[in-house]
Asker: 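This is the structure, below, for whatever I ask next.
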Amino acid sequence: MSTNITAPRGTQDLLPPESTRRQALEARIHVLAARFGYGEIRTPIFEATELFERGVGGTTDIVEKEMYTFTDKGERSLTLRPEFTAPVVRAALEHKLFAQGPQRLYYVGPFFRQERPQKGRFRQAHQFGVECFGYTGPEAEAEVISIAWELVRIHGISDAVLNVNSVGDAQCRPRYREALLAHFRPHAGALSEDSQRRLERNPLRILDSKDERDVPLIATAPTFEDVLCEGCREHFAAVRSLLDTLGIPYAVNPRIVRGLDYYTRTVFEITSSALGAQSTVCGGGRYDDLVASLGGPAVPGVGFGLGIERFEMMLEARGAFETPPRRGVQAIALGAQARLTLLPIVAELRRLERPAFIDFNDRKVLAHLKIADRNNARHAIIVGSDELAAGEFVLRDLATRDEERLPLGRAQDVAARLVERMR
RNA sequence: GUGGCUGUAGCUCAGUUGGUUAGAGCGCUAGACUGUGACUCCAGAGGUCGCGGGUUCGAGUCCCGUCAGCCACCCCA
C-alpha cells in the first residue's frame with residue numbers, strides 16, 4: 001500500500017457521486033453571482049511570491065509559514081495562491097479594469113496552505129468569493145454580504161450565524177492597538193503564553209483566544225466601538241442599518257478579528273456549529289487600502305471568501321441529500337447481435353440529449369437490470385433473440401414496472417419514438 | 001509547527017494473556033429462477049493486517065521509527 005503513490009497530505013480526490021454534487025453547487029454559485037451582476041475571473045494558480053507578501057501582509061501566519069513557495073528554472077520565486085484577493089487585484093490592475101469604473105468580480109477555485117490537516121481544513125481547498133471594487137459606501141458591504149447570505153438561505157441552512165464587526169481604518173486602528181496594550185500589559189503575566197507573544201506582535205489577536213486564562217481579561221477589554229473615529233462609527237452604523245433593511249439577521253461581535261492584514265472598517269464571518277473547531281465557512285470585509293498598496297489607484301474594495309468544502313459539510317449536517325430522480329435509458333443487449341442493434345439506438349438517444357447507458361458484457365437480464373438500478377435509469381430497453389426474430393424490442397418503465405413491446409426499425413426512428421414515449 | 005487517538009478485504013468493523021491455514025456484515029461475481037431489478041437461500045473472488053526495523057522458537061497482537069487519517073491547539077475558508 002505505502003509503496004503505491006497516494007494523494008499528498010491534506011488533499012483529496014473528488015469522485016462520483018460527490019463530484020456530481022460539487023458540480024451542482026458550483027452551478028448554483030454561477031447563477032447566483034450572475035444574478036448580482038458579478039462576472040467570473042480566473043487567475044493563475046501560482047503568482048509571484050511578492051504579491052502575497054505585500055498583499056496579505058508579511059507578518060500574517062499565511063505568509064510566514066503556510067505558503068507553498070518554490071523557485072522555477074528562471075530563478076523566480078513563485079507561490080501557489082493561499083488566497084484570492086491579492087491575485088484578483090493584481091489582475092485588475094494589470095488589465096486596467098479600474099479605469100472603467102466599479103468592478104464586480106467573482107471566482108471559484110483551489111487555494112493552497114501548508115497547515116496540519118484537521119476537520120474542515122485541507123492543504124488544497126476550494127473557495128467561492130466575490131470582490132466589489134469602487135464603492136466607499138456601506139451599500140457595497142450590504143451587497144457582498146447579501147450574496148453570501150443568499151447562498152446559505154437557498155440551501156436551507158438554519159444554523160448559520162452572521163457576525164459583523166468594524167476594525168477601523170488607518171486613523172483609529174492604531175488607537176485601538178494602544179488601548180488594548182494599555183488594557184493587557186499590566187496583566188501580561190496572567191495571560192497565556194500564546195497571548196503574551198501576541199501582545200507585542202498583534203494584540204488584536206488576543207481577542208480571538210480560547211484559552212481560559214485569557215477569557216476574563218478579554219471580557220473587560222475595550223471594544224472597537226469605544227475608539228472608532230467618527231467616520232468609521234457612522235459607516236458601521238450604516239452597514240448595520242442596511243442589513244436590517246434587507247432582512248439579513250446578524251450579530252455584532254467585537255471579537256472577530258480577521259487574520260489578513262488588509263481589512264479596514266467592516267469585517268464579517270459566517271459560522272456554523274456543523275464545522276467543528278474550524279467554524280468559519282465564510283469570511284470577508286472591506287479593504288480600502290489594498291489596491292493602492294499594490295501600486296494601483298485609491299480604489300476601495302469589499303469581498304469575501306467562502307470555503308466550498310466547509311459549505312458542503314454544512315449541507316451534509318443539514319440533512320440527507322435528496323435522492324436524484326431516475327433518468328435516462330439502460331440499453332439491455334442479450335448477445336452480440338442485440339448489441340449491434342442497440343448501439344446505434346443508444347448513440348441516437350445521446351444525440352437527442354437523453355442519457356443512455358449500456359453494459360457490453362454477456363449477462364443475464366437479471367444482472368443487467370441490477371446495473372440499470374445502480375445507474376438510476378428510468379427506463380430499460382431490452383433486445384434478445386426473441387425480439388430480434390420478431391423485429392421488436394421491450395420498453396420497460398423501471399419505476400412502474402410496466403412493459404410494452406414496440407417495433408424495431410431505423411435507429412433514428414426508434415430513438416425518436418422512445419423520446420416521445422418517455423416524455 | 002505542537003499534542004492526543006487510530007491504521008486488518010472495495011466499505012464498516014471483529015480478532016482472547018503473542019500460538020497452527022486472519023473472520024463477519026455490506027458490496028461485488030455467479031447460481032437457485034434456462035429472459036425481468038428492492039426479498040430469500042447458496043457459492044465464489046478479494047487481505048504480504050499502512051510501511052520499515054526490532055524483541056521472540058513464533059508478531060495482526062509487544063517495542064522503536066516512519067507515512068497517512070482523525071481530533072484539538074496555532075491559524076483560517
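Throughout, protein chains are lettered first and strands after them, A, B, ... in sequence-line order, and every chain is numbered starting at 1. What's counted below: heavy atoms across the whole structure, side chains too, no hydrogens, waters or symmetry copies. Every value quoted in this text rests on a predicted model; they were computed, and no experiment measured them.
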Asker: With a 3.5 Å limit on both atom pairs, tell me what B:rG46 is paired to, counting Watson-Crick and G-U wobble, or say none.
Answerer: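 Its partner: none found.
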Asker: Could you tell me whether A:Glu115 contacts a base, only the sugar-phosphate backbone, or nothing, with contacts defined as non-hydrogen atoms closer than 4.0 Å?
Answerer: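 The answer is base, as A:Glu115 lies within the cut-off (heavy atoms under 4.0 Å) of a base atom.
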Asker: Would you kindly give the CG-to-P distance between A:Asn163 and B:rA77, to the nearest whole Å?
Answerer: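 Between P of B:rA77 and CG of A:Asn163: 14 Å.
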Asker: For the side chain of A:Glu387, starting at C-beta, report the closest nucleotide among B:rG35, B:rC70, B:rC76.
Answerer: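 Looking only at heavy atoms from C-beta outward on A:Glu387, the closest nucleotide is B:rG35.
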Asker: Using atom CE of A:Met67 as one end and atom P of B:rG1 as the other, report the distance to the nearest whole Å.
Answerer: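 A:Met67 atom CE is separated from B:rG1 atom P by 16 Å.
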Asker: Classify the side-chain pair A:Gln124/A:Thr11 by whether it contains a donor and acceptor separated by less than 3.5 Å.
Answerer: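 No donor-acceptor contact under 3.5 Å links the two side chains.
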Asker: Would A:Arg54 pass as a cation-pi partner of A:Phe52, given that its NZ or CZ must be under 6.0 Å from the six-membered ring centre and within 45 degrees of the axis?
Answerer: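 A:Arg54 over A:Phe52 ring: no.
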Asker: Are the side chain of A:Ser279 and the backbone N or O of A:Leu275 linked by a donor-acceptor pair below 3.5 Å?
Answerer: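 No; zero donor-acceptor contacts below 3.5 Å.
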Asker: If the P atom of B:rU61 is compared with that of B:rU55, how far apart are they to the nearest Å?
Answerer: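 Going atom to atom, P in each nucleotide, I get 15 Å.
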Asker: With both distances under 3.5 Å as the test, what is the Watson-Crick or G-U wobble partner of B:rC5?
Answerer: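 Per the H-bond distance test, B:rG69.
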Asker: Within the structure shown, what part of the strands sits under 4.0 Å from A:Glu403 by heavy-atom distance: base, sugar-phosphate, or nothing?
Answerer: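 Base: the residue A:Glu403, judged by heavy atoms under 4.0 Å, touches a nucleobase.
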Asker: Using the C1' atom on both, measure B:rC67 against B:rC26 and round to a whole Å.
Answerer: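 Roughly 29 Å separates the two C1' atoms.
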Asker: Report yes or no: do A:Arg28 and A:His155 form a side-chain donor-acceptor pair below 3.5 Å?
Answerer: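 A pair is found: one side chain offers a donor N or O, the other an acceptor, under 3.5 Å apart.
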Asker: Could you check whether A:Gly305 gets within reach of a base, just the sugar-phosphate, or nothing at all, counting any heavy atom under 4.0 Å?
Answerer: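 Contact class for A:Gly305: sugar-phosphate only.
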Asker: Could you pick out which residue, A:Leu275 or A:Ser279, lies toward the 5' side of RNA chain B when each is mapped onto its nearest nucleotide?
Answerer: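 In this pair, the answer is A:Leu275.
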Asker: Look at the rings of A:Phe128 and A:Tyr106 and say which category their plane angle falls in: under 30° parallel, 30 to 60° tilted, over 60° perpendicular.
Answerer: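 It falls in the perpendicular class, over 60°.
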Asker: Looking at B:rA72, I'd like to know if its phosphate oxygens (OP1 or OP2) sit under 4.0 Å from a side-chain N or O belonging to A:Gln118.
Answerer: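 Yes.
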Asker: What contact category does A:Gly120 fall into here, base, sugar-phosphate, or nothing, at under 4.0 angstrom with non-hydrogen atoms?
Answerer: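 Result for A:Gly120 = base.
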Asker: Taking B:rG65 as the reference, what is the distance to B:rG25 when you measure between their P atoms (whole Å, please)?
Answerer: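 My reading of the P atoms in B:rG25 and B:rG65 gives 39 Å.
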Asker: B:rA77 C1' sits how many Å from A:Ile256 CD1, rounded?
Answerer: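 Nearest whole value for this atom pair: 14 Å.
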Asker: Between B:rA77 atom P and A:Gln127 atom CD, what is the distance in whole Å?
Answerer: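 Rounding to the nearest Å, CD of A:Gln127 and P of B:rA77 are 7 Å apart.
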Asker: Between B:rC39 and B:rU20, how far is it from one C1' atom to the other, in whole Å?
Answerer: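 About 41 Å, rounded to a whole number of Å.
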Asker: For nucleotides B:rC70 and B:rC13, find the distance between their P atoms and express it as a whole number of Å.
Answerer: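 Per the computed distance, 14 Å lies between those P atoms.
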Asker: Round to a whole Å and report the spacing from CG of A:Leu25 to P of B:rA77.
Answerer: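 It works out to 18 Å between those atoms.
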Asker: Round to the nearest Å and state the distance from A:Ile270 atom CD1 to B:rC76 atom C1'.
Answerer: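 Interatomic distance, CD1 of A:Ile270 to C1' of B:rC76: 15 Å.
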Asker: Determine which nucleotide pairs with B:rC62, using a 3.5 Å limit on both distances of a Watson-Crick or G-U wobble pair.
Answerer: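 Because both required distances fall under 3.5 Å, B:rC62 counts as paired with B:rG54.
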Asker: Testing the 3.5 Å rule here: is there a donor-acceptor pair between the side chains of A:Thr264 and A:Asp169?
Answerer: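 Judged by distance alone, the side chains do not pair up.
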Asker: Is there, by distance only and without an angle test, a donor paired with an acceptor across the side chain of A:Arg116 and the base of B:rC71 below 3.5 Å?
Answerer: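 A donor-acceptor contact between them is absent.
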Asker: Report which part of the nucleic acid A:Phe122 touches: base, sugar-phosphate, or nothing (heavy-atom distance under 4.0 Å, all strands).
Answerer: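 Contact class for A:Phe122: base.
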Asker: Applying a 4.0 Å non-hydrogen cut-off, can you work out what A:Gln330 is touching in the nucleic acid: base, sugar-phosphate, or nothing?
Answerer: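 Nothing, no heavy atom under 4.0 Å.
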Asker: Please give, in whole Å, the distance from B:rC11 C1' to A:Leu15 CG?
Answerer: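 About 14 Å, once rounded to whole Å.
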Asker: Which part of the nucleic acid, if any, lies within reach of A:Phe111 when heavy atoms closer than 4.0 Å are counted: base, sugar-phosphate only, or nothing?
Answerer: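 Result for A:Phe111 = base.
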Asker: Are side-chain N/O atoms of A:His379 and A:Gln330 paired as donor and acceptor at under 3.5 Å?
Answerer: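 No, A:Gln330 and A:His379 have no side-chain donor paired with an acceptor closer than 3.5 Å.
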Asker: Specify the separation, in whole Å, of atom CZ of A:Arg113 and atom P of B:rA77.
Answerer: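 Atom CZ in A:Arg113 sits about 5 Å away from atom P in B:rA77.
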Asker: Choosing from B:rC75, B:rA77, B:rG35, which nucleotide comes nearest the side chain of A:Ile382?
Answerer: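 Within the option list, the nearest is B:rG35.
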Asker: Can a donor-acceptor pair be found, under 3.5 Å and without considering hydrogens, that links the side chain of A:Thr280 to the backbone of A:Gly283?
Answerer: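 No, A:Thr280 side chain to A:Gly283 backbone: no donor-acceptor pair under 3.5 Å.
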Asker: Quiz question: by atom type and distance under 3.5 Å, do the side chains of A:Tyr262 and A:Arg286 form a donor-acceptor pair?
Answerer: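 No, no side-chain donor-acceptor pair sits under 3.5 Å.
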Asker: What does B:rU40 pair with, Watson-Crick or G-U, if both distances are under 3.5 Å?
Answerer: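 B:rA32 is the nucleotide pairing with B:rU40.
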Asker: Taking B:rG18 as the reference, what is the distance to B:rC63 when you measure between their P atoms (whole Å, please)?
Answerer: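 About 11 Å, rounded to a whole number of Å.
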Asker: Counting only side-chain nitrogens and oxygens, does A:Arg363 get under 4.0 Å of the OP1 or OP2 atom of B:rA30?
Answerer: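 The answer is yes; a side-chain N or O of A:Arg363 sits under 4.0 Å from OP1 or OP2.
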Asker: Taking any strand in view, what nucleotide pairs with B:rG25 in a Watson-Crick or G-U wobble way, both distances under 3.5 Å?
Answerer: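 Answer to the pairing question: B:rC11, which forms a Watson-Crick or G-U pair with B:rG25.
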Asker: Using the closest heavy atom to pick a nucleotide of RNA chain B for each, name whichever of A:Arg121 or A:Leu334 lands nearer the 5' end.
Answerer: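 Checking each residue's closest nucleotide, the 5'-ward one belongs to A:Leu334.
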Asker: Quote, to the nearest angstrom, the C1' distance that separates B:rG27 from B:rU12.
Answerer: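 Result for the C1' pair: 11 Å, nearest Å.
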Asker: Pick the C1' atom in B:rG10 and in B:rC5, then give their distance to the nearest Å.
Answerer: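 Approximately 25 Å lies between the C1' atom of B:rG10 and that of B:rC5.
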Asker: Examine the side chains of A:Ser77 and A:Glu50 and answer whether a donor and an acceptor come within less than 3.5 Å of each other.
Answerer: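 The criterion, which ignores hydrogens and geometry beyond distance, is not satisfied for A:Glu50 and A:Ser77.
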Asker: So A:Gly335, base contact, sugar-phosphate only, or nothing? Heavy-atom distance under 4.0 Å.
Answerer: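 Here A:Gly335 touches no strand at all.
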Asker: Report, as a single string ordered 5' to 3', how protein heavy atoms within less than 4.0 Å touch nucleotides 37-47 of chain B: B base, S sugar-phosphate only, - not at all.
Answerer: BB---------
